[in-house]
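This report concerns only the one structure given below.
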Number of protein chains: 2
Amino acid sequence: MAKAKKPDRRVQRTRQLLQDALLAMVIEKGYDATTVQDIIDRANVGRATFYAHFPDKQTLLTSRLEDLRGLLTERRRQAPGPLGFSLAMLEHARSHLPLYRAIVGRESGAFIVQRIHRTIADLAELDLKALGFKGAPEQRRLAVEFLAGAFMAVLTWWLDEGATLPPEEIDGIVRRLVMQGLAIKLA
Amino acid sequence: MAKAKKPDRRVQRTRQLLQDALLAMVIEKGYDATTVQDIIDRANVGRATFYAHFPDKQTLLTSRLEDLRGLLTERRRQAPGPLGFSLAMLEHARSHLPLYRAIVGRESGAFIVQRIHRTIADLAELDLKALGFKGAPEQRRLAVEFLAGAFMAVLTWWLDEGATLPPEEIDGIVRRLVMQGLAIKLA
DNA sequence: CCGTACATGAACACGATGTTCAGTAATAGA
DNA sequence: TCTATTACTGAACATCGTGTTCATGTACGG
């Protein structure tokens with residue numbers, strides 16, 4: 001373990017200001033449309049200061065996304081079992097609706113969506129492993145992508161509809177679809 | 001029907017050049033990284049000319065994507081039944097691998113992915129309607145998003161892996177997942 | 001052959017990026 | 001409290017992409 005010296009108070013403050021400003025701007029104009037200029041204006045921070053902390057917009061966002069990953073992993077620990085993150089994420093999304101819509105909704109940029117997809121896929125893979133999913137690793141990977149993609153799409157749709165349906169209902173439907181499929185005879 | 005006067009030969013030529021140049025650049029550097037400058041350089045076309053035809057990069061791409069939509073709809077007509085587009089798309093993707101990877105793979109921009117997702121979702125909705133899917137329209141929509149998201153994710157993964165597995169196998173697995181789900185007891 | 005529609009390319013204003021640097025302030029540690 | 005260190009500032013700068021304009025040249029259709 002590297003000795004993690006507690007960072008200078010100014011550093012903490014600046015990073016916090018920048019992260020908060022980014023989220024506020026993303027909600028306001030979307031990720032792609034948000035410029036570094038917007039962020040530093042909102043945060044009241046010098047231009048040079050931004051680049052002293054983060055090489056670009058993307059890295060700044062990534063630093064913030066670690067929190068979400070942590071939260072989901074934690075919830076998964078609390079509520080074990082496959083798709084343990086599902087309900088947790090749906091509820092978390094609803095209580096941060098504007099942010100989620102900006103990040104994972106129809107208007108968001110590609111980069112963020114991919115990151116979140118990866119997070120979900122990783123969690124799902126843990127689930128499948130724990131269940132002793134039979135089949136080649138390749139098949140497991142395919143199933144994991146299937147699951148993550150499906151979940152992301154449902155989440156996106158739900159958010160874009162205003163997240164009116166209760167999380168429990170969405171969670172239930174997703175589970176049923178994942179479990180039994182459409183339960184329709186396909187060709 | 002509007003009388004579709006056949007366009008000036010120069011117009012056809014210019015539009016073709018621009019579309020081809022865009023695809024070439026997307027394969028080379030990805031959609032986001034491709035600039036209008038790149039496109040007109042590659043196409044050997046004046047800057048003003050570009051903007052005389054398309055307001056921006058996005059519209060140029062959209063004009064091209066109509067072709068794919070047409071092709072998928074056509075294939076669906078030929079091979080009716082749910083998920084009729086699945087195998088067709090997988091095969092089409094494999095025979096245009098670099099382009100597909102650039103467009104729908106991990107490196108692509110958000111805009112294109114959303115467009116393709118929409119195309120697939122629309123096709124899937126036709127399938128479900130034809131099958132007499134029971135349940136509220138809202139539930140059907142959710143199922144459609146689920147299906148499209150899952151398919152897109154699998155396609156993305158497959159492409160990023162180099163599309164080594166045969167399309168028929170992927171198609172079969174996707175069908176099974178959609179039909180029966182993971183066939184695992186979930187909590 | 002001629003009038004029209006299109007292509008050209010250069011110039012322009014604008015805005016965003018990322019870097020540099022000298023000056024100033026806040027901080028941690030003694 | 002004092003001091004060396006570290007961080008922030010703000011302005012300037014080069015670079016690049018965008019989208020518009022316009023006068024000029026040229027290929028097209030009829």
Side-chain angles (χ1 to χ4, degrees), chain A residues 2-64 102 107-112, chain B residues 2-64 102 107-112:
Chain A
K3 189 69 124 315
K5 266 269 203 68
K6 86 167 87 167
D8 193 307
R9 199 182 296 159
R10 287 167 296 178
V11 174
Q12 294 183 47
R13 179 178 153 280
T14 299
R15 293 177 68 98
Q16 189 68 46
L17 282 174
L18 287 175
Q19 289 179 340
D20 291 349
L22 172 64
L23 294 193
M25 288 311 305
V26 166
I27 290 174
E28 201 169 309
K29 331 173 38 175
Y31 176 75
D32 282 340
T34 297
T35 72
V36 172
Q37 197 63 52
D38 292 330
I39 300 170
I40 64 181
D41 285 350
R42 166 79 62 132
N44 255 305
V45 150
R47 182 166 197 72
T49 307
F50 178 94
Y51 288 104
H53 285 271
F54 305 97
D56 50 37
K57 213 175 59 165
Q58 182 161 324
T59 306
L60 169 57
L61 182 63
T62 302
S63 77
R64 188 61 163 180
E107 299 301 320
S108 75
F111 157 69
I112 320 187
Chain B
K3 189 68 122 318
K5 266 269 202 66
K6 86 167 86 167
D8 193 308
R9 198 183 295 159
R10 288 167 295 178
V11 174
Q12 294 182 50
R13 180 179 151 278
T14 300
R15 294 176 67 98
Q16 190 66 47
L17 282 174
L18 288 174
Q19 288 179 342
D20 291 349
L22 172 64
L23 294 194
M25 287 311 305
V26 166
I27 290 174
E28 201 169 310
K29 334 173 36 174
Y31 176 74
D32 281 340
T34 297
T35 71
V36 172
Q37 197 63 53
D38 292 329
I39 300 170
I40 64 181
D41 285 350
R42 166 80 61 134
N44 255 307
V45 150
R47 181 166 197 72
T49 306
F50 178 93
Y51 288 104
H53 285 271
F54 305 97
D56 49 38
K57 212 175 60 167
Q58 180 161 324
T59 306
L60 169 58
L61 182 64
T62 301
S63 78
R64 189 62 163 179
E107 299 301 321
S108 75
F111 157 70
I112 321 185

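Throughout, protein chains are lettered first and strands after them, A, B, ... in sequence-line order, and every chain is numbered starting at 1.
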For this session: Looking only at side-chain atoms of B:T14, point me to the closest of D:dG29, C:dA7, C:dT17.
Result: C:dA7
Exercise. What is the distance from atom OG1 of B:T34 to atom CG of B:L61, rounded to the nearest 0.5 Å?
Worked result: 10.0 Å
Exercise. Closer to the 5' end of DNA chain D via nearest nucleotide, is it B:D56 or B:R9?
Worked result: B:D56
Problem set entry | Nucleotide of D:dA7, C:dT17, C:dA7 approaching B:H53 most closely (side-chain heavy atoms) | C:dA7
For this session: In whole angstrom, give the distance that lies between atom CZ of A:R13 and atom P of C:dT27.
Result: 8 Å
Seminar exercise, completed: Double-helix bend of the helix from C:dC1-D:dG30 to C:dA30-D:dT1, axes at both ends from 5 pairs, round to 10°, gives 40°
For this session: Without swapping roles, check the side chain of A:T59 against the backbone of A:P55 for a donor-acceptor pair under 3.5 Å.
Result: no
Exercise answer: donor-acceptor pairs, residues 39-53 of chain B side-chain atoms, under 3.5 Å, sequence neighbours excluded:
unit_1 : atom_1 : unit_2 : atom_2 : d
B:D41  : OD1    : B:Q37  : NE2    : 3.4
B:R42  : NH2    : B:E28  : OE1    : 2.4
B:R47  : NH1    : B:Q37  : OE1    : 3.2

Exercise. Taking only residues two or more places apart in sequence or in another chain, which ones pass salt bridge (Lys or Arg N to Asp or Glu O under 4.0 Å) with A:R13?
Worked result: none
Problem set entry | Atom-pair distance (CG on B:D38; P on D:dC16), nearest Å | 12 Å
Problem set entry | A:Q12 CD - D:dT6 P separation (whole Å) | 17 Å
Problem set entry | Residue pair B:F54, B:R15: steps toward the side-chain contact (heavy atoms from CB on, under 4.5 Å) verdict | CA-CA 9 Å; B:F54 305 97; B:R15 294 176 67 98; 3.7 Å; yes
Problem set entry | Closest listed nucleotide, where the reference is the side chain of B:Q37 and the choices are D:dA7, D:dT18, C:dA16 | D:dT18
Exercise. Within a strict 4.5 Å, meaning less than it, do heavy atoms of the A:R64 and A:L22 side chains meet?
Worked result: no
For this session: Identify which nucleotide among D:dT18, C:dT17, C:dA7 has an atom closest to any side-chain atom of B:V36, counting heavy atoms from C-beta outward.
Result: D:dT18
Exercise. With a 4.5 Å limit on heavy-atom distance, are the side chains of B:K57 and B:D38 in contact?
Worked result: no
Between the protein and nucleotides 22-25 of chain C, are there any N/O to N/O pairs under 3.5 Å, and if so, what are the atom names and distances?
none

For this session: Check the distance between C:dT17's P and A:I40's CD1 and give it to me in whole angstrom.
Result: 8 Å
Problem set entry | Modelled atom types, side-chain donor and acceptor of B:D8 and B:Q12, under 3.5 Å | no
Exercise. Taking atom P of D:dG19 as reference, at what distance in whole Å does atom CG of B:L60 sit?
Worked result: 12 Å
Seminar exercise, completed: Between CG of A:L17 and P of D:dA7 the distance, given in whole Å, is 16 Å
Problem set entry | Non-neighbouring partners of A:D56 that pass salt bridge (Lys or Arg N to Asp or Glu O under 4.0 Å), sequence neighbours left out | none
Problem set entry | Contact under 4.0 Å: A:T49 side-chain N or O vs D:dA7 OP1/OP2 | no
Exercise. Once you round it to whole Å, what is the distance between P of C:dC6 and CZ of B:R15?
Worked result: 12 Å
Exercise. Atom CZ of B:F54 and atom C1' of D:dT20: how far apart are they, to the nearest Å?
Worked result: 18 Å
Exercise. Of the residues in residues 41-48 of chain A, which ones touch DNA chain D at a heavy-atom distance under 4.0 Å?
Worked result: A:N44, A:V45, A:G46, A:A48
Exercise. Would you say A:Y51 reaches C:dT19's phosphate, i.e. side-chain N/O to OP1/OP2 under 4.0 Å?
Worked result: no
